[in-house]
Amino acid sequence: MRAKRKQNPRIVFLISLMLAIFMVFSFRTFDFSVVTADEFSTKNADLTAIKTSIEATRGIIVDRYGRPIAYNREGYNVVFNSAYMKKADYNSNILSLASLLEKYGFEWNDSLPMTKDGTVAFEGSDSAVSQLKSKLGMNTYATALNCYNEMVSRYSLESLNEKDRRTVMGVRYTMERNDFSVSNPYTFAEDISSELMIVIAESYQRLPGVEISVVSYREYADPTLAVHMVGTIGKITAEEWTSLKDQGYSYNDYVGKSGAESAFEGYLKGTDGELTYYFDKSGKVAFTEVTKPSVQGDTVFLTIDSRLQKVAQDALAENIDYLNDRGGVITGGAVNVVNVKTGEVLASANYPSYDVNDYYSDYPSVLNGKNNPLYNRALSGLYPPGSSIKPMIAIAALQEGIIERYDSIYCKQKYTYYKDYQPSCMHYHKGLNVVSAIGYSCNYFFFDVGRRLGITNINTYAQKFGLGVKTGIELPEKIGTIAGPAYSASVGKSWYDGSTLAAAIGQSDNSFTPLQLASYTSTVANGGTRYRSTILNSVKKASGTEYTYRMTPEVLDTVGVSESVINIAKEGMRSVTSEGTASAYFADYPIAVGGKTGTAQTKGADNSVLILFAPYDDPQIAISVVVEHGQHSTSTGPVAKAILDEYFFGSSDIYEENTPNQLIK
């Protein structure tokens with residue numbers, strides 16, 4: 001990827017002039033090829049037709065309101081066209097172009113797995129070296145020098161110096177590997193400057209078969225926005241091409257590699273067109289004809305609200321940086337914001353993250369970045385939920401008749417039911433009912449309720465609420481682990497009666513993704529319906545108003561508990577934010593919210609977890625915030641508050657002024 005280049009007036013004038021000449025030429029070509037093609041073909045029945053593809057422009061990615069996220073800009077490629085390039089011209093064309101590209105600071109495509117420093121040695125993967133030997137018809141034990149000498153002879157390089165030999169053989173081998181032919185033009189160099197484009201275009205007479213192709217390149221409205229969700233594209237690999245060539249992909253195509261770019265490749269790809277070359281008996285091009293126009297890929301509308309996304313990721317990063325500057329040991333974090341009535345992911349942020357332009361220009365630095373910025377913690381990070389699991393435990397116990405709304409359990413701090421395992425609560429709470437136990441996050445209360453409920457019931461309800469199961473999102477996600485006898489047996493551990501106590505407060509082997517925590521919160525907030533998580537809002541044709549896909553909420557499960565039971569748990573979550581463990585941030589918030597904090601034990605400092613839904617009386621969004629080694633709510637509360645501020649009181653122009661913001665469908 002390259003940054004946008006500023007054009008000076010001279011270049012703009014020259015480009016305009018060239019385009020004007022090109023349009024005149026195109027009209028004359030059209031007049032000849034379309035108007036007189038049939039007549040010409042009739043008089044010359046011996047014409048040979050060879051077809052090649054016209055690459056379709058990739059579809060764009062926008063947010064739920066149509067704001068651009070990933071779009072296209074025009075760029076210039078240097079292409080070899082076999083219809084007009086004789087084999088005798090290959091080497092001279094390559095050397096002339098290589099000299100020009102070096103002068104202007106550009107590179108050319110060279111996939112030969114051999115060194116370029118004047119030595120003769122293999123360089124690259126074992127599979128690339130094996131492919132080279134196979135292509136050259138060499139034995140598996142052939143040396144680099146054997147392959148080098150074979151290419152000198154194969155490509156007629158005897159008269160060239162060592163530097164030029166390596167230049168030409170690198171390109172010739174790549175051309176051969178890419179099956180260079182009329183049907184498969186070869187891209188020599190990509191995304192060159194307009195200045196270099198003009199120089200090459202002006203040299204067309206001494207560079208037969210060398211063409212400038214105007215192509216589209218991916219650009220990003222904000223190269224840091226939702227990068228893990230939007231994803232990346234890259235040149236098709238040999239393995240990918242083998243499986244995709246029957247779908248119209250060429251060896252020079254780019255495909256989605258991750259994120260939405262990969263998940264929705266079928267919509268974004270578009271349909272390549274078809275250009276037919278007609279050759280006479282002497283092998284010269286008689287005329288060409290566009291026999292099938294290309295069709296741009298569809299426009300993909302994500303469920304993401306780009307402004308809410310920006311707030312979420314900035315708040316997460318700024319808060320973590322602030323705490324680390326003051327002695328914190330935070331290594332990462334994740335945020336998810338979900339529409340509780342549809343399952344749509346409105347924002348999904350990770351810390352650390354990266355700039356997608358750096359991904360393309362300096363991948364090693366991103367790959368080796370501190371604390372793995374490429375890792376999508378929001379969907380694949382596995383974390384113990386800590387006390388955030390307690391509303392689910394309360395719902396299960398209420399529904400199963402283990403407790404009732406006003407039943408009181410006396411917290412004596414140390415839980416002594418078992419002789420061999422006696423865990424403690426953080427405080428000495430005395431008598432608490434289920435609502436106050438959630439509000440003050442009393443471990444003692446949930447030790448006792450969890451023991452009576454039993455691990456089988458706990459796990460059944462956990463799965464119904466979406467914990468330890470896939471959310472159904474279109475991107476790769478981890479499943480997580482539900483603590484219990486089955487998992488313990490699978491890893492060679494024993495499960496004891498006392499193990500249920502730890503599981504009931506979100507410890508033991510419990511580990512879930514931040515997205516699962518948001519889905520679970522959403523299911524509580526909406527009364528017990530678990531929707532499939534999705535980042536695909538709709539898909540529309542690039543031209544016109546026709547939609548090829550519109551999202552409809554998909555129910556994955558219903559918890560099957562009474563409304564009154566859910567409401568009791570929600571009442572407890574309201575007490576968390578009004579007078580309990582999250583009251584410092586939400587007690588005076590202008591909109592009532594429900595939530596639950598969690599401090600989960602890990603190696604080193606504890607993780608910090610916060611789940612939240614709002615508004616309390618008519619929930620619209622659910623939020624999960626997980627901060628690695630965040631220790632307490634100071635690492636999660638400010639992040640969730642910033643998200644609520646933007647969602648309900650943001651200045652976005654798509655909202656009505658001076659009223660709480662509502663998502664517009």
Side-chain angles (χ1 to χ4, degrees), residues 1 4 53-75 214-236 244 247-250 253-273 292-310 337 339 342-348 356-357 359-360 472-475 532-554 652-655 663-665:
M1 297 296 297
K4 295 179 181 177
S53 63
I54 303 173
E55 183 180 355
T57 301
R58 191 170 182 82
I60 66 172
I61 299 175
V62 299
D63 81 348
R64 63 189 297 109
Y65 303 111
R67 303 187 193 106
I69 295 178
Y71 55 97
N72 304 308
R73 66 168 173 82
E74 280 192 351
V214 181
V215 296
S216 61
Y217 280 94
R218 226 34 167 181
E219 284 285 340
Y220 300 90
D222 179 347
T224 67
L225 185 77
V227 290
H228 298 86
M229 307 299 280
V230 176
T232 58
I233 62 173
K235 185 163 285 189
I236 196 169
L244 293 174
Q247 299 177 34
Y249 285 82
S250 75
D253 275 341
Y254 281 75
V255 297
K257 297 291 186 178
S258 64
E261 293 276 21
S262 174
F264 310 127
E265 173 71 21
Y267 292 120
L268 294 166
K269 170 65 172 71
T271 304
D272 287 348
K292 178 184 174 184
S294 62
V295 179
Q296 181 173 341
D298 295 341
T299 298
V300 169
F301 287 75
L302 300 182
T303 59
I304 297 293
D305 175 344
S306 59
R307 295 184 182 178
L308 192 67
Q309 172 72 29
K310 180 68 172 173
V337 186
N339 184 327
T342 64
E344 293 170 286
V345 178
L346 306 179
S348 183
V356 73
N357 287 334
Y359 176 92
Y360 291 118
I473 197 165
E474 297 88 351
L475 305 185
R532 181 176 73 85
S533 298
T534 180
I535 62 163
L536 183 60
N537 178 278
S538 57
V539 181
K540 190 170 72 171
K541 292 292 185 183
S543 58
T545 58
E546 179 187 355
Y547 282 86
T548 56
Y549 171 84
R550 283 182 181 271
M551 191 280 301
T552 56
E554 180 183 344
S652 171
D653 57 13
I654 61 169
Y655 299 133
L663 282 176
I664 299 171
K665 295 297 292 175

Shortest non-hydrogen contact from [X] toward [Y]:
X: Ser294; Y: Ala56; answer: CB-CA, 4.0 Å
X: Ala221; Y: Pro68; answer: CB-O, 3.2 Å
X: Ala542; Y: Gly297; answer: CB-O, 3.4 Å
X: Tyr547; Y: Ser538; answer: CE2-OG, 3.7 Å
X: Val230; Y: Ala70; answer: CG1-CB, 4.4 Å

Would you call the rings of Tyr220 and Tyr360 parallel, tilted or perpendicular, where under 30° means parallel and over 60° means perpendicular?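 The arrangement is parallel - the two ring planes meet at less than 30°.
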Distance check, rounded to the nearest 0.5 Å: Ile69 atom CD1 versus Arg67 atom CZ?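 The CD1 atom of Ile69 sits 9.0 Å away from the CZ atom of Arg67.
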Got a second to check how far Asp305's CG is from Asn537's CG, nearest 0.5 Å? 11.0 Å
Are the side chains of [X] and [Y] in touch, meaning some heavy atoms are under 4.5 Å apart?
X: Val539; Y: Phe264; result: no
X: Lys541; Y: Thr299; result: no
X: Arg64; Y: Leu346; result: yes
X: Lys269; Y: Gln247; result: no

Is it true that Lys292 and Asp272 make a salt bridge, defined as a side-chain N closer than 4.0 Å to a carboxylate O? no
Whether Lys257 and Glu265 form a salt bridge (side-chain N of Lys/Arg under 4.0 Å from carboxylate O of Asp/Glu) is what I want to check.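 Result for this pair is no, no salt bridge flagged.
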Within the 3.5 Å criterion, strictly below it, is a donor on Ser348 or Gln309 matched to an acceptor on the partner's side chain? no
Return the set of residues passing salt bridge (charged side-chain N to carboxylate O under 4.0 Å, His left out) with Glu55 (not counting sequence neighbours), or none when no residue passes.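 If we apply the salt bridge (charged side-chain N to carboxylate O under 4.0 Å, His left out) test to Glu55, skipping adjacent residues, there are no hits.
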Partner set under salt bridge (charged side-chain N to carboxylate O under 4.0 Å, His left out) for Lys310, not counting sequence neighbours: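 Asp222, Asp314.
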Main chain of [Y], side chain of [X]: is a donor-acceptor contact present, judged purely on distance under 3.5 Å?
X: Ser258; Y: Thr232; result: yes
X: Glu474; Y: Ile535; result: yes
X: Asp63; Y: Ser306; result: yes
X: Thr303; Y: Val345; result: yes

Per side chain to side chain contact (heavy atoms under 4.5 Å, CB included), Glu344 is matched among Thr534, Leu302, Leu536, Val337 by Thr534
Out of Arg58, Arg218, Glu219, which one pairs with Asn72 under the side chain to side chain donor-acceptor pair (under 3.5 Å) rule?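 Single side chain to side chain donor-acceptor pair (under 3.5 Å) partner of Asn72 among Arg58, Arg218, Glu219: Arg218.
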